[in-house]
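Notes follow the structure.
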Amino acid sequence: MKSSVDIHVVLSTFEDMEDFHDDPDEASERLNFILHAVYDNAEEDIETQRLEQILHYAWESWQQDKHLLEIDDDELLDWVDHTLATWDDACNDEIS
């Protein structure tokens with residue numbers, strides 16, 4: 001269940017981003033935008049483990065991505081929608 005996941009536990013801070021981005025505050029905001037979008041767009045009855053895996057995947061996919069600050073909101077939301085829609089088909093069972 002979605003309500004079992006505390007989104008605030010997975011949000012980033014500038015410290016998480018400072019080794020990878022010139023503007024760690026902005027990078028943290030962008031990553032948090034993605035994490036919130038995953039959480040907000042996930043179905044209410046999503047399995048807790050599945051949602052945690054998707055949030056982990058989003059973190060790992062974007063935290064060190066040098067292009068994070070260049071991608072607009074619509075493209076990031078498209079990535080979130082695609083990830084949520086194709087998660088079961090992507091063989092992501094090994095992500096924990």
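Residue numbers start at 1 and run along the sequence shown. Source: prediction; values computed, not measured.
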Partners meeting side chain to side chain donor-acceptor pair (under 3.5 Å) with D81 (sequence neighbours left out) = none
How far apart are the closest heavy atoms of D65 and H21, and which atoms are they?
-> O-CE1, 2.9 Å
Side-chain heavy-atom pair L77, F33 within 4.5 angstrom cut-off = yes
Measure the shortest side-chain to side-chain distance between I71 and W62 over non-hydrogen atoms and say whether it is less than 4.5 angstrom.
-> yes
State, with a plain yes or no, whether a side-chain heavy atom of L11 is found less than 4.5 Å away from one of H8.
-> yes
Answer yes or no: is there a donor N or O on one side and an acceptor on the other, between the side chain of S4 and the main chain of T48, under 3.5 Å?
-> no
Which donor-acceptor pairs under 3.5 Å do the side chains of residues 34-45 make with protein atoms, sequence neighbours left out?
unit_1, atom_1, unit_2, atom_2, d
Y39, OH, K2, O, 3.2
N41, ND2, A37, O, 3.0
E44, OE2, K2, NZ, 3.2

Rounded to the nearest 0.5 Å, what's the gap from CD on Q64 to CG on L31? Could you check?
-> 11.0 Å
Note: K66 and F20 closest approach over all heavy atoms is NZ-O, 2.5 Å
Going by an N to O cut-off under 4.0 Å, is there a salt bridge joining D25 and R30?
-> no
Determine whether W87 and Q53 make a side-chain contact, defined as any pair of heavy atoms from C-beta on separated by less than 4.5 Å.
-> yes
Ignoring hydrogens and geometry, is there a side-chain-to-backbone donor-acceptor pair from H56 to V10 under 3.5 Å?
-> no
Any side-chain heavy-atom pair of M17 and D23 under 4.5 Å | no
Would you say the side-chain atoms of S61 pair up with the backbone N or O of Y57, donor to acceptor, closer than 3.5 Å?
-> yes
Considering only heavy atoms from C-beta outward, does the side chain of L76 approach that of D72 to under 4.5 Å?
-> no
Output yes when a side-chain donor or acceptor of Q63 lies under 3.5 Å from a complementary backbone atom of D16, and no otherwise.
-> yes
Say whether, by atom type as modelled, one donor and one acceptor occur between the side chain of N32 and the main chain of S12 under 3.5 angstrom.
-> yes
Is the number of heavy atoms from other residues, nucleotides or ligands within 6.0 Å of CD (E18) greater than 12?
-> yes
